[in-house]
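Just so we're on the same page: letters track the sequence lines, and every chain starts at 1.
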Amino acid sequence: MLFQFQLLQSELARVYQSLSITQQLHALIVKTHLSNDPFYATRIVRFYAINGDLYSARNLFDTSPNPSVYLWNSIIRAHSQAHKFGYAFSLFRKMLRTEIKPDNFTYACIVRACSERLDLDGLKLAHGGVVVSGLGLDSICSSALVSAYSKLGLVDEASKVFYGMPEPDLVLWNSMISAYGNYGFWYEGLQLFSEMQHVGIWPDGYTLVGLLFGLADSCLLSVGQGLHGFCLKSNFDSNAHVGSVLVTMYSRCKSMNYAYKVFSGLIQPDLVTWSALITGYSQSGDSEKALRLFKKFNWEGKKADSVLIATMLATAAQFANVGSGKEIHAHCLRHGHESHVKVCSALIDMYSKSGFLGLGISVFTIMSGRNIVSYNSLILGLGLHGHAFQAFKKFDEILENGLIPDECTFSALLCTCCHAGLVKDGKSIFKRMTVEFGIQPRAEHYVHMVKLLGMGGELEEAYNLILSLPEPVDSGIWGALLSCCDACGNPEMAKSVAERLIGNNPESCSYRVMLSNIYAGYGRWDDAMKLRDDQTDGKLRKIPGLSWIEGSSL
DNA sequence: CGCACCCCGT
């Protein structure tokens with residue numbers, strides 16, 4: 001019987017995902033009473049989880065007499081990977097009441113779950129649990145904590161965890177480099193890149209993905225090329241993720257020739273990589289090429305997802321003619337993408353930009369399963385095109401239909417007010433959101449409020465609003481103020497605010513990038529380039545062993 | 001006997 005289990009298990013590995021083989025295994029261990037051994041139960045629970053049958057997994061778990069820590073971990077992980085966080089946490093609480101103590105894997109899973117459900121309070125509690133359990137110096141928990149804090153925007157918290165570790169392993173270095181990368185702190189990333197090699201840890205594909213992603217928005221082509229050279233030398237370029245982030249990096253730097261070169265060197269570019277390239281062309285204004293590539297993508301029998309479809313609709317919106325937009329619309333009806341929020345709002349956007357707002361509204365009208373999310377898309381669609389009155393009418397309709405507006409609804413309404421310059425209405429809807437609907441404003445709401453005030457000429461009030469927020473203030477909020485200053489013809493204020501930010505964060509380059517992008521957006525190329533040069537000026541030389549990065553050519 | 005942490009697109 002044991003032999004039969006092993007046979008079936010190898011069969012399972014061969015066929016990759018099979019619910020029926022899992023069920024056979026399950027039946028087998030029940031028949032042979034092997035299900036009393038948590039080792040077998042653990043494997044089956046995992047197989048059920050892979051096949052998305054949480055009900056059977058839970059059933060097996062509940063009938064297991066002596067769950068081991070492994071079995072607990074797999075059932076908790078099964079639920080949290082399926083985003084059933086409520087079940088995952090209640091299982092965890094149940095586990096705490098048993099003899100079995102959670103281990104580093106349990107906490108890593110819980111920590112990750114907290115970050116995915118954007119639960120900072122939960123994360124802090126879990127962090128406390130980690131420390132109390134004596135796992136504060138565990139590398140697996142620490143990596144999970146670094147990533148989780150970074151995902152919730154708390155890079156400083158992440159670095160506190162990182163620097164608390166006496167001897168970080170490769171994964172921990174990677175987590176911290178990615179954390180910096182997520183927020184465009186490329187300089188900090190490169191410093192770690194140098195340090196890790198100094199202490200004898202060799203980077204892998206993850207390291208490079210984190211570094212390159214951090215570079216993508218800063219338009220530092222020479223540094224990107226240097227790292228690209230490093231990838232080639234270390235054979236990381238065959239790594240699909242590295243290839244994908246290289247395409248993204250070059251695309252964002254508007255260097256489509258390089259992006260295409262990397263792309264065509266990949267053996268099997270995946271959906272994400274195709275999207276990165278197509279988006280690159282679309283964003284660089286070459287919508288013809290983006291459309292041609294999308295057709296090629298389809299000819300090769302590949303399946304687009306809703307994100308790519310939304311990108312294609314945005315691409316089609318760039319054409320004066322509504323024809324290709326309608327083609328993409330037909331494509332998305334054929335493949336059932338029209339139920340996606342992003343696709344719907346892209347459709348509404350595409351039609352209204354092509355001069356057919358009516359068609360956009362009818363997309364909303366005929367779509368099935370209209371909910372608060374679809375209302376949000378429509379409100380945003382109306383708002384983006386200056387139909388503020390209709391947008392507010394739709395808001396009333398939401399309330400009349402007994403739907404409950406969410407934070408995105410208010411985001412769309414605030415955005416509407418921004419576009420229409422309705423400062424008073426914006427202020428009042430912001431107040432209603434917090435007072436009447438009890439919604440805690442998020443960074444995006446403040447971004448809209450800052451823009452609303454700023455574009456209405458009340459730069460001082462916008463500035464004071466930001467100063468009244470608790471630290472750390474999201475850099476996007478500052479970015480909104482900076483672009484308002486410039487748009488209001490007050491680039492001097494932008495400069496002084498940005499310089500103050502740069503002064504307060506001398507080690508961080510992201511504010512330089514922001515100010516540089518503002519200058520670039522207004523065609524002030526000299527100012528922009530100077531700031532970008534200032535980013536690297538002398539800085540790379542300060543990092544030991546990295547002087548090769550700049551000026552290395554491919 | 002063995003679960004695992006880090007990475008890509010608007």
Quiz item: Could you run down nucleotides 1-6 of chain B 5' to 3' and tag each one B, S or - for protein heavy-atom contact under 4.0 Å?
Solution: BBBBBB
Practice problem: Answer yes or no: does atom CZ of A/Phe85 have more than 12 heavy-atom neighbours from other residues, nucleotides or ligands under 6.0 Å? | Solution: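 Atom CZ in A/Phe85 is crowded, with more than 12 foreign heavy atoms closer than 6.0 Å.
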Any chance the rings of [X] and [Y] have centres within less than 6.0 Å?
{"X": "A/His228", "Y": "A/Tyr258", "value": "no"}
{"X": "A/Phe193", "Y": "A/Trp173", "value": "no"}
{"X": "A/Tyr70", "Y": "A/Phe105", "value": "no"}
{"X": "A/Tyr107", "Y": "A/Phe92", "value": "yes"}
{"X": "A/His241", "Y": "A/Phe213", "value": "no"}

Quiz prompt | Proximity to DNA chain B (any heavy atom under 4.0 Å), residues of residues 278-316 of chain A only | solution =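 Close to the strand are A/Thr279, A/Gln283, A/Asp305, A/Val307.
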Rounded to whole Å, please give me the gap between [atom1] in [X] and [atom2] in [N].
{"X": "A/Phe213", "N": "B/dC7", "atom1": "CZ", "atom2": "C1'", "answer": "10 Å"}
{"X": "A/Lys254", "N": "B/dT10", "atom1": "NZ", "atom2": "P", "answer": "10 Å"}
{"X": "A/Leu246", "N": "B/dG9", "atom1": "CG", "atom2": "P", "answer": "13 Å"}

Self-check item: Any pair counted as salt bridge (charged side-chain N to carboxylate O under 4.0 Å, His left out), so long as it reaches residues 130-158 of chain A, sequence neighbours left out
Solution: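 Those involving residues 130-158 of chain A are A/Glu157-A/Lys160.
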Quiz item: Side-chain donor-acceptor pair under 3.5 Å between A/Asn59 and A/Ser56, yes or no?
Solution: no
